[in-house]
Amino acid sequence: MRGPFEAAPPIELTFTLNGRPQQLQAPPLRRLLDVLREDLGLTGTKEGCGEGECGACTVLVDGAAVLACLVPACQVQGRSVVTIEGAGFEPEQQAFLDAGGVQCGICTPGMIVATRAWVESCRRDGVTPDERGARDALAGNLCRCTGYGAIVEAALRAAAARGEPT
Amino acid sequence: MRVISARSLDEALAALRDATAASRVLAGGTDLMVELAAGRTSPDLVVDVGAVPELRGIRPVDDGLWLGAGTTCTELLHSAAVTAHADLLAIAAREVGAAQIQNRATIGGNLGTASPAADLVPVLFALGAQVALRSATGARVLPVEDFVTGYRATARRPDELIEGIVVPPRPARELRAFRKVGTRRAQSIAKLVVALAIAADGGVVTAARIAAGAVADRTVRLTTLERALFEGLPPGGLADAVAASVAADTAPCDDVRSTARYRSTVLARVLVRLLAALPSC
Amino acid sequence: MSACVGSDLGRPDGPAKVSGRAVYVADLAVAGAWHGGAVRSTIAHGRVLRIERKPGFDWRRVVVVGPGDVPGDNVQELLSDDQPILAERVVRHVGEPLLLVAAPDLPTLEAALAALRPIVEPLPAELDFESATRVLHEVSIDKGDPGARFDSPPPGARLFEGTWRTDSQEQLYVEPQGCVAWPADADGTVVVRGSMQCPHYVRKALARCFGIAPERARVVQLTTGGGFGGKEEYPSVVACHAALLARAAGRPVRIVYDRHEDLLVTPKRHPSRVHHRTLVAADGTLLAMDVDVLLDGGAYTTLSPVVLSRACLHASGPYRCEHVAIRGRVVATNHVPSGAFRGFGAPQTCFAIERQMDRIARALDLHPFALRRHNALRLGDATATGQVLHDSVGSLAVLDAVAARTGIDRHRWCAPAMAVPSSNSGRVRGLGMSFFFHGAGFTGSGEELLKGRVAIRLLPDGRAEVAAGSTEIGQGTTTVFTAIAADALGCDPGDVVVAVPDTAAVPDSGPTVASRTCMVVGSVLASACRELAARIGGAAGDFRSRARAWLAAGGDGIVEHVYGSPPGLVWDQATYRGDAYPCYGWAADVAEVEVDLDTLEVDVVRLTTAVDVGKAIQPRLVEGQITGGALQAIGWAQCEVVSSRDGRVQQDRLATCIVPTTKDAPRFDVTIVEQPYAHGPFGAKGVGELPMDGGAPAVLAAIEDALGVPADRVPATPERLLALLEQRERTS
């Protein structure tokens, strides 16, 4: 249901979206997913379930992978939101193409965002990316097409492309 | 519906002055947003505490380790202090949803929702945690078992906020274990979940806290089993003690995730295996 | 020339998908579009008395459409006319639509739907298909004289009986159902765009619903986020609903299901019960088979007759047997209608025959691998319908390939039957296998009747455009067509574009189902391309220059070909005798599991599979089909529960409708075997469905190997395994 998220009067919302300041009015509980898709026309973030189970709506808030269907607008106030439309996803995008990690594509943007969050966390924490880590990091992103092998392979290729931990 | 985004603890508590039983606190949103989507809740007031700085942070305090209610699962599983003093919490936090949920879901939220299948709550039971509640008019501390009062029900008054959780210092030679059995390997809700902490001295059990989730209308302590560990096992040994406790202390049901039969049988098996692996039992 | 076929091209649809630019139905910007939804039955069977409007709602804000507002027939066009678009007097399943509503925004739509309450007088509901009596369709297949063999078996022969059951399964395409419809334009054409496998099916359904010629309905596929059969027939329902609302509202209307609605009301895999009686010689030779197949069709016929047909045609497995009787029935119940799902009946019967083979092997103390290899259909053998296999039979090749990869041929049963397993670690391992085949293309004379058409046409810039109704649903249609066209034309893949499936602009190449797109449509495409290439000639210069020169000289740049069955195929639909399919794909799986003895959780550690696809046009896409299909099969085998209470699907949210995650998926070891099929493009056969067939029996065999209990029902959940183990304790 969408109604409950729209029930409260709109508030003024200021945040950073894909590196640029963004200002708009939205009901405070309006899902970030709807703010992105409907208010801002950024439809690369997909809705697969609307209840935090499928991962198709994964975006970065302050660098962390989160589900845009479970984030109310009021909680991105002053924060930085990055979607698949943002810059810097090229290594992951190329890896998914090269490894055959794309089939129907509906899970792909969320997979790519989650992969980037994982690769960056490995670099930040000095963890060597491996298959097990990739499977842990992507366990919240359902794919019904691939059997996941090519997706895990893509994540490892993306990690390799971004290089050694910093 | 009114939504108030608090920027400080005082603002949050002030907003909660008007709260009713229908009001909801919003932290990581991983429960509330799902309930809103399903039409299962229609709050008159939502107090957003996601940006309240006082609710963040893990720090040592006199009586143990303080975990701000807004501590996320990701913070739990990355915290050196948690790993040192409350390792079960880190282990359990890894089993909550998947990475995206762990980045948002908070320990206060997991406790406050009081789902019988909550992953962290049995751990808090096993660790003997205390819940710090605060309102505009005062503060109080409750043992976690007194805090959880029923199916998704707690002792929190509408005007109160879970401020934090205190995990007592880890006793010497305390052995701990956690096991979640879910519907799949990740991103699952528990069919049953067990956490236990047992202290022994010279082969004698001196303290035992054993808790289980998803086997009753709320998280429960397996007191019958704890008593048997103190007072001596029945003639049938550990298996009998476990069976008696599962019968006495749990009331599992059939639901969409599992069966009562499975829950009670597997709970007993998991307990026997976890306890048998502990050197003191 | 074969530069593209056999080597991996980049997916033409890849860049748009990884960047988020691909437009799915929920992404399509449509100015002024309203949102549509349905008032649905909450009970499984009942008489509709009235629909109450709760007071307090301003009905001027919305439009409401009832059965009386259907301009054409209130019939959901498919194989039978038994399903209304909107139920009028009787509802036959939970979720059956009664009224449609469109509103300017979703909160208003939700409020309106909540204010409409159907008052339905309950009627007795049939919810147990095993006792249901209303038969929707029957199939009989007879070969030899099994009756005589069972009545007077040869000395030493033994009779084995087994009953095998499979539950339903949710397709769980990650993009829910949806489409956008526009009201009829000036010349009366109704336009629908949406998520679908078969635009021409949707066109036919709209024509019936509106009482218009098919040409007055235009259906365009948008990027489609998975189908797996779930978007074969059901998009017609969504399209009719949206189009009726658009007509009433006088503006475009979008219907996109939320996951909850999708799980509750859309068709799922047919539950099955298959009973086998098998007469076997002491050396393991199959002497006679009697197979009884029962499927739960749900409340309406939908595609059940064809699902049953395929189920029965695969019921005796990839095995030689001189005497076979197969009896199939699909019965009506008050469950949500069952529908198409990858495998289309074959996974159910494949599960039964494969587990029956294991049961026979155990009892005769024969090796399950040896028993299968001994009885495997070979070149020159005849199937249950009497089809003689003339070419492209990879049966022994796939068996030997998995044996070489796993050593399954030397593996002994881990747990003896009925022995209590034990292990210090609390975990036990098991191996299990399956051997299976899958008929590629439509059954029998289906392709002959359908006459799928494909066009290749030169664009002004000299590129060649493939025009077909076949859809890209993730499986790689556009890439495969590009490779086939490029090689058949003798051009670069960059010289080929694949047209968007738009019924107004592409010929009807038939539905994107039945593992037919590559093999059947691809072969028509290849022949059309070869003719075009011959026309424009192989003179000097690159393809585009030659093509432009041909067009400049007034040459006809369009070639449209129609499918013609390979010579010699004979099928008698009345007797189910003859060539059931043009050819078969062959495969063998070996599953390796670890079972936790406390919790009975099953980890599928590795799945080794060898698959004869004729020719892998795009090897990486083929592997993607194999691993993706196999994981769906593994999920069905262990965790994908679909159950209902009072006819209502219990797994109605993604929190309870469980499919495998990255951490549930095994490592896959895939061997692609190529036994070329003479009439497929470059030797290719179908591959889409085959990988779904063998995973469940292999996993359950491995569980049986690990635990020693007879795993006879899909899914083998921990709860069911516990019940089996407890039953064994009681009886031993």
Side-chain angles (χ1 to χ4, degrees), chain A residues 1-11 13 26-33 47 49-79 110 113-115 117-118 121 124-125 133 135-142, chain B residues 1-7 15 22-52 70 72-75 77-78 80 93-106 109 182-189:
Chain A
M1 291 178 72
R2 192 68 71 79
F5 301 110
E6 313 288 325
I11 57 167
L13 208 58
L29 296 188
R30 187 165 170 82
R31 306 181 306 171
L32 175 59
L33 180 61
E47 175 165 3
C49 70
E51 50 170 326
E53 294 285 340
C54 78
C57 66
T58 302
V59 299
L60 303 178
V61 172
D62 289 349
V66 303
L67 302 171
C69 73
L70 298 186
V71 176
C74 60
Q75 291 197 333
V76 296
Q77 189 74 269
R79 298 186 188 273
V113 174
T115 298
W118 172 64
S121 77
R124 194 178 55 236
D125 302 340
R135 285 187 186 268
D136 275 344
L138 299 178
N141 294 74
L142 296 181
Chain B
M1 183 201 288
R2 282 192 307 142
V3 179
I4 299 172
S5 286
R7 300 287 139 190
S23 306
R24 299 292 300 263
V25 175
L26 166 68
T30 55
D31 281 329
L32 180 58
M33 293 294 278
V34 174
E35 288 181 51
L36 288 168
R40 283 198 291 258
T41 186
S42 35
D44 54 351
L45 168 69
V46 172
V47 177
D48 166 19
V49 300
V52 172
T72 64
C73 289
T74 299
E75 287 163 353
L77 61 90
H78 280 123
R94 213 176 275 282
E95 305 247 354
V96 176
Q100 293 93 324
I101 297 291
Q102 289 160 14
N103 284 338
R104 296 270 303 163
T106 65
T183 47
R184 61 185 165 200
R185 288 280 163 274
Q187 184 86 335
S188 82
I189 295 174

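Small disclaimer: the values here were computed from a predicted structure and weren't measured. To find a chain, count down the sequence lines: A is the first, B the second, and so on, and within it residues start at 1.
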Within the 4.5 Å heavy-atom criterion, are [X] and [Y] side-chain neighbours or not?
X	Y	answer
A:L29	B:L32	no
A:I11	B:S5	no
A:P72	B:M33	yes

Select all residues of residues 56-64 of chain A having any heavy atom within less than 4.5 Å of some heavy atom of chain B, and report them by number, or 'none'.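 Residues of residues 56-64 of chain A touching chain B at under 4.5 Å: A:T58, A:A64.
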So, the side chain of [X] versus the backbone of [Y]: is there a donor-acceptor pair under 3.5 Å, distance only?
X	Y	answer
B:N103	A:V66	no
A:Q75	B:A27	yes
B:Q100	A:G52	no

A:L70 side, atom CG; B:I101 side, atom CD1 - distance, nearest 0.5 Å: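 It is 5.0 Å, given to the nearest 0.5 Å.
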Counting heavy-atom pairs under 4.5 Å with chain A, which one of B:V34, B:T41, B:L36, B:V46 comes out on top?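 With the most close heavy-atom pairs to chain A, the winner is B:L36.
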Top contributor to chain A interface from B:R184, B:R104, B:R2 [non-hydrogen pairs under 4.5 Å]: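 Result: the option with the highest number of such pairs is B:R104.
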Using heavy-atom distances under 4.5 Å, tell me whether A:R79 contacts chain B through its side chain, its backbone, both, or neither.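 It is the side chain, since no backbone atom gets that close.
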Where does A:A114 contact chain B at under 4.5 Å (heavy atoms): side chain, backbone, both or neither?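 Looking at A:A114, just its side chain touches chain B.
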What residue, out of A:A139, A:P28, A:C74, has the most heavy-atom pairs lying under 4.5 Å from chain B?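 If we count pairs closer than 4.5 Å to chain B, A:C74 comes out on top.
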Out of A:P4, A:P9, A:A8, A:A65, which one racks up the most heavy-atom pairs below 4.5 Å with chain B?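 Most pairs with chain B among the choices: A:A65.
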Please step through side-chain contact (heavy atoms from CB on, under 4.5 Å) for the pair A:D125 and B:H78, ending with a clear verdict. CA-CA 10 Å; A:D125 302 340; B:H78 280 123; 4.0 Å; yes
Set of residues satisfying side-chain hydrogen bond (donor to acceptor under 3.5 Å, both in side chains) with respect to A:E6, sequence neighbours excluded: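 For A:E6, the residues satisfying side-chain hydrogen bond (donor to acceptor under 3.5 Å, both in side chains) (neighbours in sequence not counted) are A:R30.
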Residue part contacting chain A, namely of B:R94, when any heavy atom lies under 4.5 Å: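 Neither part, no heavy atoms under 4.5 Å.
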Quick check on B:R7 against chain A: is it the side chain, the backbone, both or neither that has a heavy atom closer than 4.5 Å?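 Side chain only.
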